[in-house]
Each structure stands twice: as C-alpha cells, then as structure tokens.
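Below: one structure, written as structure tokens.
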Amino acid sequence: MMKKTLFFILKSLGIMLTAIVVFLVIVFTVNIISNQLEKEKIEPYGQLVPVDGKNMNVLIQGKGKETIVLLPGYGTGAPGIDFKPLVEQLTPFYKVVVIEPFGYGLSDVTEKERTVENIVAEIHECLQKLNIDRYTLMGHSIAGIYGLEYVNKYEKEVRAFVGIDSSFPTQGGTDDEFPTEAYKLIKNSGFNRLLMKLNPDQLVAPKVDDETREQIRIISLKNAMNPNIISEGENLKNNFKSAENFKFPKNLPVIFFLQKNNTEVEGWTPEHEEQIKDSVHGKVVELEGGHYLHHTQSKEIVKDFRSFMEEGN
C-alpha cells in the first residue's frame, strides 16, 4: 500500500513538473515569435537624427515661433505617443519637439552607460543637429533630474524649465540595489508579455484610439528592460546624487505641475517649493490626477504655463 501511495505521489509530481516545464517553454516561445511578428507592425513616427553614431527618434509638430522640448519619464515606452495629449494642446502655440532618448520609443539602443552626463550630452547634440538653440525644456518625472543638470550646462539656450510631476534630487527611494537580473529574467522568459496579456490595464497610456494604444503596447514591450533602461535603472542612485550639485539658475523661469496630495514621496510639494525659493520667477501648481498628469491635465498645464510665461515678461 505504501509503495502504491509513494508511486502515485511521485507520478503526480512528475506530471506537475512536466506541465510547468511545458508552460514555461510555451510562454518563452510565444514571446520570441511575437517579438518578431510585432517588429513588422510598428508604424514609424517622427524622424531619425544621427547622434553619437546612433539614430535618435524625434517627433516635431507645430509651427510656433517658440519651441518646447519634451523629455519623458523613466521607462516610458513610446514618448512620441505618450505625450500626444500634451502635444495637441501645445501645437497651436508652439513648435513642439519630443525627444526619445536612446532605448526609448523608436530610437536606437546605445552601448554608452546611462549616466546623467551622457544622457544630457546626447539630448543636446540632438537639438544641435536640428539647429534648435533656444527653447523651453518641459519634462516628466526623472526629467527633473536630467533637466536640472541640463539647464546649468546650457543655461543660455533654455528659456524656461517646466516639470510635470518631476523628480527632485533628494527624494529618496534610489538607494536600493536595482534588481537587474530579476528584470532581465522577466523580460527574456516572456513573463512580461504574459502579465501584460493577463492585465492589459497595467499599460500606462493616455486616452487614445485602439490602434494607437496597440502601438504603445508593442513598442513598450519591445523596449521594456532593454540594455539602456537597465543601465539607467542601475545609475539612478548616482544620477540623483549628481543632481544634488545643481540648483536652478536664479533668473530661469521654473514652473512645476505636481500631483496633488502625493502620499508616496515625503515632502513632495515642499521640496519642489524649496527648489524655486531663490528663483526670480518660479511657481508650483498642484493638479488633481496621477503621476502622468499630461495624460489628463494637458489643457490646464498649457493654459497655466502660457499665463506663467506672460507674467514673467
């Protein structure tokens, strides 16, 4: 009797193990095939600009006399599409340039480490290649870190800085070791695709039509935890630390649009107010909504930004 029971248990465990292995192989294989098929489904947008021997994708719309340069938050899959609601509100008044840094959107992946110095230098080279030398820098999330270094290095070129729920150097949360191997495993095994399939709502995207949303999904899966996103994550701590050496130039107009009642980051609004305390023209505006304020509050952002700039003249 004991032998039969043991045999039954071992047989059941064998079947379960086999089923798990088959499941993992299917998830892995489906991901490989889907990656290849989806490459052909990507609809190009913007234009490719040669930067440091690679191609950086840039979307330019609008014909205003003044230029707005948009920079994405960390890991945004397709910035050129993610900023769509904001671009639509800006283009009646400005020339709008959406930069997709290396590893983002339709830009190439570079071998260079994702330090704040490299990222800032590449963005500047891109704008130089486009003959854009006077502009407002408008950035989401981590662009608050890169933008801080940028406006100090190229102060004469920047008219103003606009932060959209942007990061500040001392906000914390970057001290933990970046889980590189775990992220690589999730991506390479195909589980990232599986999780997206099981929970489509986890895709961060503005309100767009189904075809555009599908493009965001495809490009986001393509870029998720690619070598540049991994490198940027590994450099978060050092990049934030590096930004502590900079303050916004006193005479540079700075306006922050912040998520109201942010409970995730301690001192969210006060710390941004601290950043502009010495500014001749600085302002903090709190808006209802999530971290991606430009998905839901673009009209208000543009309206308040235009008023802010008029007040400074």
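Just so you know, residue 1 is the first one in the sequence shown, and it goes up from there.
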Verify the ring-centre separation between Phe240 and Phe168: is it less than 6.0 angstrom?
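No, the ring of Phe168 stays outside the 6.0 Å limit from the ring of Phe240, centre to centre.
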Would [X] and [Y] count as having a side-chain donor-acceptor pair, cut-off 3.5 Å?
X      : Y      : result
Thr269 : Glu286 : yes
Ser242 : Asn239 : no
Glu100 : Tyr45  : yes

Under the ring-ring contact (aromatic ring centres under 6.0 Å, His included) test, which residues partner Tyr146, sequence neighbours left out?
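If we apply the ring-ring contact (aromatic ring centres under 6.0 Å, His included) test to Tyr146, skipping adjacent residues, there are no hits.
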Sequence-distant partners of Tyr135, ring-ring contact (aromatic ring centres under 6.0 Å, His included), two or more places apart:
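For Tyr135 there are no ring-ring contact (aromatic ring centres under 6.0 Å, His included) partners, ignoring immediate neighbours.
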Would you check if the side chain of [X] reaches a backbone N or O of [Y] as a donor-acceptor pair within less than 3.5 Å?
X      : Y     : answer
Thr91  : Val87 : yes
Asn57  : Ile99 : no
Thr29  : Ile26 : no
Lys129 : Pro50 : yes

So, are [X] and [Y] salt-bridged, with charged N and O less than 4.0 Å apart?
X      : Y      : answer
Glu273 : Lys277 : no
Lys250 : Glu155 : no
Lys222 : Glu38  : no
Arg114 : Glu234 : no

Name the one of Asn228, Ile119, Asn118 that satisfies side-chain contact (heavy atoms from CB on, under 4.5 Å) with Lys112?
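Exactly one option meets the side-chain contact (heavy atoms from CB on, under 4.5 Å) with Lys112, and it is Asn118.
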Any [X] side-chain heavy atom under 4.5 Å of [Y] side chain:
X      : Y      : value
Val96  : Leu70  : yes
Ile186 : Met225 : no
Ile132 : Lys95  : yes
Phe83  : His294 : yes
Pro206 : Ile216 : yes
Val58  : Cys126 : yes
His124 : Gln128 : yes
Ile145 : Glu149 : no

How many angstroms lie between atom [atom1] of [X] and atom [atom2] of [Y], to the nearest 0.5 angstrom?
X      : Y      : atom1 : atom2 : answer
Leu287 : Glu300 : CG    : CD    : 6.0 Å
Leu185 : Asn192 : CG    : CG    : 11.0 Å
His281 : Phe308 : NE2   : CZ    : 3.5 Å
Lys187 : Leu221 : NZ    : CG    : 7.5 Å
Tyr150 : Leu71  : OH    : CG    : 8.0 Å
Ile255 : Ser166 : CD1   : OG    : 11.0 Å

Hey, any chance [X] and [Y] share a hydrophobic cluster, counting ILVMFWY side chains that come within less than 4.5 Å of each other, even indirectly?
X      : Y      : value
Tyr183 : Leu194 : no
Ile142 : Val69  : yes
Leu48  : Leu59  : no
Phe161 : Met138 : no

Mark yes when over 12 heavy atoms from residues, nucleotides or ligands other than [X] sit less than 6.0 Å from its [atom1]; otherwise mark no.
X      : atom1 : value
Phe28  : CZ    : no
Asn199 : CG    : yes
Lys54  : NZ    : yes
Gln47  : CD    : yes
Glu177 : CD    : no

I'd like to know whether Lys41 forms a salt bridge (Lys or Arg N to Asp or Glu O under 4.0 Å) with Glu214, so could you lay out the CA-CA distance, the side-chain angles of the two residues, the decisive distance to 0.1 Å, and finally the verdict.
CA-CA 10 Å; Lys41 294 181 180 179; Glu214 176 64 4; 5.6 Å; no
Over all atoms of both residues, closest heavy-atom pair of Ala143 and Pro72:
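So the two residues come closest at CB-O, 4.0 Å.
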Just to verify, which of His140, His272, His291, Gln297 counts as forming a side chain to side chain donor-acceptor pair (under 3.5 Å) with Asp165?
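Result for side chain to side chain donor-acceptor pair (under 3.5 Å) with Asp165: His291.
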Apply side chain to side chain donor-acceptor pair (under 3.5 Å) to Gln259 and Tyr292, showing your working.
CA-CA 9 Å; Gln259 177 186 355; Tyr292 285 73; over 6 Å; no
Step by step, work out the ring pair (Phe, Tyr, Trp, His ring centres under 6.0 Å) result for Phe257 and Phe305.
CA-CA 9 Å; Phe257 293 98; Phe305 167 67; 7.7 Å; no
Could you go through Arg159 and Glu66, starting from their C-alpha distance and side-chain angles, then the distance that decides it, and tell me whether this counts as salt bridge (Lys or Arg N to Asp or Glu O under 4.0 Å)?
CA-CA 9 Å; Arg159 288 182 64 244; Glu66 296 175 1; 3.2 Å; yes
